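Below is one structure, written out as structure tokens; the observations come after it.
Whatever order the structure lists ligands and atoms in, that order sets their numbers, starting from 1. In this text the structure is predicted, and so the values were computed from the model without any measurement.
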Amino acid sequence: MPAEFGMIGLGTMGHNLVLNMADKGFTVCGYDRNPDQQKRLAEESAGKPVQVARTMQELVDSLTIPRRIMLLVPAGKIVDAVIDEVSPLLQPGDILIDGGNSHFTDTDKRIERLTPTGIHFTGMGVSGGEDGARSGPSMMPGGSAAGYAELKNILEKIAAKTEDGPCVTFTGNGSAGHYTKMVHNGIEYAMMQLISEVYGILKNSGGLTHSALQAIFTGWNKTELQSFLVETTAAVLAKKDEETSHPLVEMILDKAKQKGTGMWTSQSAMDLNVPLPTIDVAVSMRYLSAMKEERICAGEKYPLSKNNTTVNQQELIAHCKNALHFGFLISYAQGLQLLSAASAAYKYEINIAEIIRIWKGGCIIRSVLLNDLQKAYQQDAALTNIIQSPVFQPVFKQLQNDVASLTILAITAHQPVAALSASLQYFIAYSTARLPANLVQAQRDYFGAHTYERIDKPGSFHTDWN
Ligand code: 6PG
């Protein structure tokens, strides 16, 4: 029986997506150049409509026309090597999907390269990790609308579902899919950093025990903070180390690694002149965390003076909850403003409300807050930033003082809350009509004759300051 879908790359994500498709009744053919991965799929898919190809040619020959083939191989040169190998075996109308975390500019180059061949190239972000791939990810395909029409049925069947439908949509032209996934990851970095800061304050300033912390995150996951990442935090906090019986998280070295997608978000935002300091800080804090030896050395040079501040635990917990709520919203605000700006700059034609809809299930940044975000963009598709939306005005007004109190407490106690305070400072600056940037303009004109605008009349002015 010919297969309806081909998968190249049978690592965890590819393997699980194949099984997911097979469970939904699709006949799938998988190929990996590593015979061990071929064997693993053959064994674990016994009784399912799954075939395993031993060569690329065998995979291509097994497929119905137009062929639908997904690549789930590490981002970078390997993607190009696989495209070079498979594309000569394909024909016009076939669809190649890159489901990895490729940089959007690479996706643009690949589209450009494949367009003359008539092969549709779909750059698709896939979120949800290995469990998501197996039981329902959120998927962000972009590129060729004609290519998507051939994929829609399969992707909708394997996607996570919410009351708002399957978590997949055609995101837009060109590299829109990979751009959207990159922004998703930037928001992911920010949310994770915010959670870690709140955990740090509760533990170090609040003196909360590990089981109390676990109960707090579990409780928060039943409130407006309900989200995959808060749920994950509660689960992580519950885990004991088998060797020492200590909470496992306390045995883990405080050096956070990264594969670079958060950094790409910050880099791209800089290119497009979009401020997203919470995401920038989240990326920087991963670098800072990695500088463990330097931190130890500096810590010895600047020992903490005794902090006599007394902390009211219940008040601290309430402030932390509101600060996290605030920080999450600001992370989404910054990411979505970048996505709108990129859509305009790169002609992606992204529908932001629709992206929010597909982030409501399956992906790492899913949360109940997305319901209101969706509402805000449905009310105003041209919304520049959710801070401007009537949906969020009462929320920001209510939360901001608690974030300020918490930030002050943390700074006084020498607790790093870089992402929380960046979120608050961003909000303050964004909602300040007159910033001291007039002075910056004056300085630029003083030493570089860069000119300035005036508040009382149009035009460009230069002053001989001396
Ligand atoms: C997802 C994730 C995933 C990402 C990891 C690791 O949406 O499923 O974003 O794609 O690769 O979370 O990212 P870092 O190694 O950069 O932290």
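With no hydrogens or angles considered, no side-chain donor-acceptor pair links D380 and Q388 at under 3.5 Å. A donor atom on one side chain and an acceptor atom on the other are not found under 3.5 Å apart for S102 and T107. Between the side chains of E354 and T169, at least one donor N or O lies within less than 3.5 Å of an accepting N or O.
Classified by interplanar angle (parallel below 30°, tilted 30° to 60°, perpendicular above 60°), the ring pair Y348/Y179 is tilted. In this pair, F217 and W220 present their aromatic rings perpendicular. The plane angle is above 60°, beyond the 30 to 60° band.
Looking only at protein heavy atoms, the nearest one to atom 11 (O) of ligand 1 is N101 ND2, 3.3 Å. In terms of protein heavy-atom proximity, atom 7 (O) of ligand 1 is nearest to S127 OG, 2.5 Å. Atom 6 (C) of ligand 1 has as its closest protein heavy atom K259 NZ, 3.6 Å. Protein heavy atom in closest approach to atom 16 (O) of ligand 1: Y189 OH, 2.4 Å. Remark: minimum distance from atom 3 (C) of ligand 1 to any protein heavy atom is reached at K181 NZ, 3.8 Å.
Close approach of ligand 1 to I364 is summarised as follows: ligand atoms under 4.0 Å from at least one heavy atom of the residue are 1 (C), 2 (C), 7 (O), 8 (O). Remark: ligand 1 atoms within the under-4.0 Å shell around heavy atoms of H184 are 7 (O).
When all heavy atoms of S175 and F104 are compared, the closest pair comes out as CB-O, 3.3 Å.
Checking only distances, G129 does come within under 3.5 Å of ligand 1, N or O to N or O.
When atom types are taken as modelled, the side chain of S343 and the backbone of L339 share no donor-acceptor pair closer than 3.5 angstrom. Within the 3.5 Å criterion, the main-chain N or O of M263 finds no donor-acceptor partner in the side chain of R286.
The closest approach between G262 and ligand 1 stays at or above 4.0 Å for every heavy atom of the residue. Taking a 4.0 Å cut-off on heavy atoms, G128 registers as neighbouring ligand 1.
Which of M263, R286, E188 comes nearest to atom 17 (O) of ligand 1 through a heavy atom is settled by distance: it is R286.
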